[in-house]
Amino acid sequence: MTAVTGGFVLRRVTAFLEEVIWNLDERQRVLSAARRRLSSPADPATVHAISVLSDNLDPSSSSSVAAAATASAAVGGGKPSALSVLILSISLALRRRHADAARSLLDLFAHDPTAARGDIAPQLFEELFLPHLFQVVRWFADRRSRVLSSVEEGGRVGATASMAILSRMSGGQATELRELERTYENVMDENSRVYAGYLKEVLRSGDGVRPPELVFPMADGNEDETKEEVEDEIFREAIGSTNERFNPIWSEGDQSVELPGGRTSFARAPSLYPQRINPQLLYKESSIDSIGSRIKDVPGSDEAFNSVVNSDVSSSDPEPHQEEEDRKQATLQRRRQQQRQRRKSSVSLSSTDLGRVVADNFLASTKQAPPKDFVCPITNQLFDDPVTLETGQTYERRAIQEWLDRGNMTCPITRQKLHSTKLPKTNYVLKRLIASWREENDCSTTVTPVSSRKPSPTVARRTNPPKRSPSPTSVISQATTDGTTGDLQHAITCLCTSEVLSEAEMAVLYIERLWRETGADTKVLSSLSKPAVVNGFVEMLFHSVEPQVLRTTVFLLCELASRDKLVIQSLTRVDSDVEFIVALFKKGLVEAVVLIYLLRPSFESFLEMDMVEALLLVLKSSDDSYNMCLKPKAASILLLQQILASDNKIPSEVIDVVVSEGVVESVIPSLVANLEEERMAAMRIIMRCMEVDGKSRHMIVGKVGLDAMLENFVTVSDIERFEIVRFLFELVKLDRINNDRLLHNIKDGGKFSMMHALLVYLQTALQDQSPIIAGLLLQLDILVEPRKASIYREEAIDALISCLRNPDFHNSQLLAVETILSLQGRFSSSGEPIVRALLLKRAGMKRGNRSSTGSDQINYVLDESKDTLEEERAAEEWERKMAFVLVSHEFGLLFETLAEGLKSEEREFFSACLVSASWLTYMLSILPDTGLRGAAKVCLLKHFVSILKSAKHADDKALAMLALRSFIQDSDGLHELTFDIKDIITTLRELKKSYVLAKELLKLFCHGKESCIPDMWNHKVLVQVDCSMHGEVLSICYFKNRIISGHSDGTVKVWGCGQKLLHQVQETREHAKAVTSLAISPSGKKLFSGSIDKSLRVWSLHDGQINCMEVHDTKDQIHNLTIASNMACFIPQGAGVKVLTWNGGSKIINPNNYRNILHNSIKQQKLLAKANPVYALEVQDGLIYSASSPLDGTAVKIWNASDYSQVGSLPSTLEVRCMAISNELIYLGSKTGVVEIWAKDKLLRVGTLQIGTNCKVQCMAVVGDEVLVVGTSTGRLQAWGLT
């Protein structure tokens, strides 16, 4: 027996309370029984409370909860009665407080155990308490048998005959029997109270609470027991055995407690909870001394003996008792010494000798004693009228009848509920065998039961086997044995009845030998499958430390369990048996995993057993030489698959371990295993591994064998058939070359046509299965020339379209469109389709724009190494073939279906439809034009325009832009976009920063349409700041995401340009006079400021603020500062250009009023006449832009920086004082407060900005090609942005 779990207790109590609440008859019975236990007549309040509770026990009514609570409060005053406790439990159950209700109901067994177990909750008592208290029942039966042993009936002596003749007893016997029954009731009450407290603690603290020990009555000093009986009982208790059979798993202890009333004292009985043999002994060398000394090592044996001795010392007459205890102790020591000698001799065989004895001398028998199956387990006497119940257990008729008359409805041994209380006919076969046994052994009616037998001498000293006795497991199923069957039955007898461990171990080995010789004969199977034999094998697992015996026992149990389900029921009846088998497996007994699989424990049990690590060790092991019904590796795979099949988060952690430990390679060979179930389990494990780590596909594809799985396809169920298809579909998400090779293996493998099987399966598959089946079938079909007609192709595409058009099955819709994306044929290293990333690359996505696409996909599509050229050619060929097949079906029917999907409000489905439609539309520009482009235009053009204009995601706009390019390659396509041209151009202008295609389309849309160009460059004021308190704004520059401005009072200000544009970050005044120039070093790391205070300062930017690092004295005022790598150039107050080197040297060049050009180095070149001064100069993209007075009608001239030839001009009439240039535009600032905007590529004026009146535009700077910052002579800063 093992400790119960909190969940087990809670389920049983909750089931009882639910039955009381919902079953009217049961509720009336329980409440009536509880009311009868009231010590006084119920007052009106109590009666009213019961009435209210009975009338309102409706869990769905809120009033019932209040009524139940009121009733409980009315009754529960003072010491709780059975009725008050019961009402409180029901009210808590109505409130769904099941744990509190369970604890409250257990109080009933603590306060009034007699009423609880007898009248109110007898069924709950049998389920929770009786398994623990069964030894008390056995104790009572034994004591009662002693009382009745002196009563004769028909010349026979036996407890079974005495049960019916109580009226013939003497007065003393009747009084003694009544006193025994009262003591029994007190013992049951006390144990019920203690165990109820234990169950409450289990519910409160969890499953780690140790069960309490049983309480038994101690001898009261008046009980007249013979000296031999006392010695025998003390001896049996001291060695930890109840039947003198060697049993090293029991521990015991003696403690005394006082019962209420103070008359009877009870002692703790030997613990019912086994102390298991440490499985680590499997790895230790088993020696004769270790086996022979196991009796000494029984935990608590000496303490138990001393406790028994000391318990009587406290008597009122200590000296006689002390002498009696000394005599008992001496007798015990003598018997213990004899027992050690007998056991040492009985195990004097080594492991090698053990096998020899099994082969030669096994049939040596022990001293004849009644077989266990000849003895009633209730009366401990030979059967007189045996009856066999439906559970397979045999009892004396009168004994079991009295058990049933007491109201019990279960089998005393198995505790299984009986379907009928009517006893069957007498088991005459067993009765005749008992009679024969009596004649052979010259036994009277009263015989010594099995529990009092002494250990037999060692087998090693036997030379001639004695006559065999009937087998206890064959007395019911068969009456005669001969030949091999007789040997088997004798071995079974030895296994089940032998008191010597070595004899039982040899029996196991001999049974295994007979099993192999007979080839699992049905008669042998029938004999070994009996519960008694199975229990004998289980005892061997608990007791033996011989690895050979343990492996043989596990082998036999596996063979029996694989052939007879009743064996599994016998093994799983006690949880501790399963737990111990798992412990043996985790300690290295590999064969035990097969038995664990056959027992099929629940998923919760798997988690509690924590056996994943042991399973992985078996899978990674190379030893596969086990000759069993199932290989341990196969069982491990099957168990691991069961763990991974759960939706719990634990399997996710397990699969991570499986992938990281490299177990997948060990699972792959099972795909070609002979056992179909193993193949399917291995496939499911690999499938989960691919879901977690897609890179494992590359390892699998080179080692996997598919022929066995393909042959399975026509034999398995529909669910397993779909799992195979899904596995194959996921497996082919590799690089194109490997995919083609794998698809050919699938198509040509097996003994039948895989394509035909898939077609037949597709026609009957469920809606959510069709897309995967159709996708695999279409890939197999496209391996041949796609231009030829194919029924497989037509059916597959029809299935995809059917799923896309069925909004009632959203999952199948999404699965269908994802299947289409997979058909494109390119995948990331993790097996994800990369169609979206590939299309964005084709739209000219710049490397810095990766916000909405996975990094692994970006790395794939941007990798243009020569090593992938062959793969790329194969992928492009596959893509053309697949696209042609899809768009050609029913003349573009798929375009119409995808257009419907673009109307969906489900983001995931819409996005997948957009990618699919964009891909197929893009492919139309590559495939030969067969009229399909017109069909696609009719279905999709309006949707693409709408997405381009209003989509929230830039990637969606880019995909629509790429698709539109396929439609505007002819004049008709451009004509249809006339009404949306302005909105399209606006969007393209936004996209051109991230996509090269947007710039190309802008040129295409604006070609020959100069009238639409000004609309592209509309500006508006974003923000304006007044800095007039610091004078004019003389200089502006953009430096590290900050705007820097210089003012006429020497102040330098730092402005932020994030979401809040032109918010001041810093203000500093290092210069004494006006800051006329700001410049950035070529490296972009330093800021330079020049002032008319004749100083040049070098600044660094840290944490958004500037700090002055260096100061250079220029001895001249600084205007128009320009910075090169190793020098600075500026215009001084006088004529010429001054060059300042960083080592302190300076030089003025061209003092004759010529302007100098700084381009990589200082060069002098006369570009303009002396009478036409230059006010602004910019160098960009190999061109020199100079602004001067518009004497010849052109204020700006453009020169080639390499040969200084004029390449263009801007016909502006403004008095230009400053200039700023972006990638697309040229801004000219004038002294009249006007800024002209010119298109850089067409040299066409596209707009004019009015900065203000009565002000000059002193300086300008462009921020990110989108924002123009202007500084004026009135001290204002303005930011203008493109609309």
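Source: prediction; values computed, not measured.
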Check the pair D189, T114 against side-chain hydrogen bond (donor to acceptor under 3.5 Å, both in side chains), reporting the backbone distance first and the verdict last.
CA-CA 6 Å; D189 287 350; T114 302; 3.0 Å; yes

Requested in this report: Test Q135 against W139 for side-chain hydrogen bond (donor to acceptor under 3.5 Å, both in side chains), laying out the working first.
Outcome: CA-CA 6 Å; Q135 291 298 323; W139 169 84; over 6 Å; no

I'd like to know if K200 pairs up with D107 as an ion pair, taking the criterion as any Lys NZ or Arg NE/NH1/NH2 lying under 4.0 Å from an Asp or Glu carboxylate oxygen.
yes

### Query
So, are E201 and R204 salt-bridged, with charged N and O less than 4.0 Å apart?
yes

task: Mark yes or no for whether D564, through its side chain, and L566, through its backbone, hold a donor-acceptor pair below 3.5 Å.
output: yes

Heavy-atom closest pair (E126 atom, P131 atom, distance to 0.1 Å) is O-CD, 3.2 Å

| Short question: side chain of N191, backbone of V187 - any donor-acceptor pair under 3.5 Å? | yes

- Item | Ion pair D119/R29, N-O distance below 4.0 Å | no

Report the C-alpha distance between Q401 and D405 in whole Å, list the side-chain angles of each, state the deciding distance to 0.1 Å, and finish with yes or no for side-chain hydrogen bond (donor to acceptor under 3.5 Å, both in side chains).
CA-CA 6 Å; Q401 185 64 54; D405 291 343; 3.0 Å; yes

**Study point:** E185 with R117: basic N within carboxylate O range, under 4.0 Å
**Key:** yes

- [ ] Tell me, please, whether Y597 has R600 positioned over its six-membered ring: NZ or CZ under 6.0 Å from the ring centre and within 45 degrees of its axis?
- [x] yes

Closest non-hydrogen contact found for P377 with T394 is CD-O, 3.4 Å

So ring pair (Phe, Tyr, Trp, His ring centres under 6.0 Å) across residues 403-422, not counting sequence neighbours, yields none

Q. With no hydrogens and no angle check, is any side-chain donor or acceptor of S192 less than 3.5 Å from a backbone partner on M188?
A. yes

For S81, does its backbone N or O pair with a side-chain atom of S84 as donor and acceptor, under 3.5 Å?
yes

In L86, D100, L88, the residue satisfying side-chain contact (heavy atoms from CB on, under 4.5 Å) with L105 is L86

**Report entry** Aromatic ring pairing Y195/Y198, orientation class (parallel under 30°, perpendicular over 60°, tilted between)
**Finding:** tilted

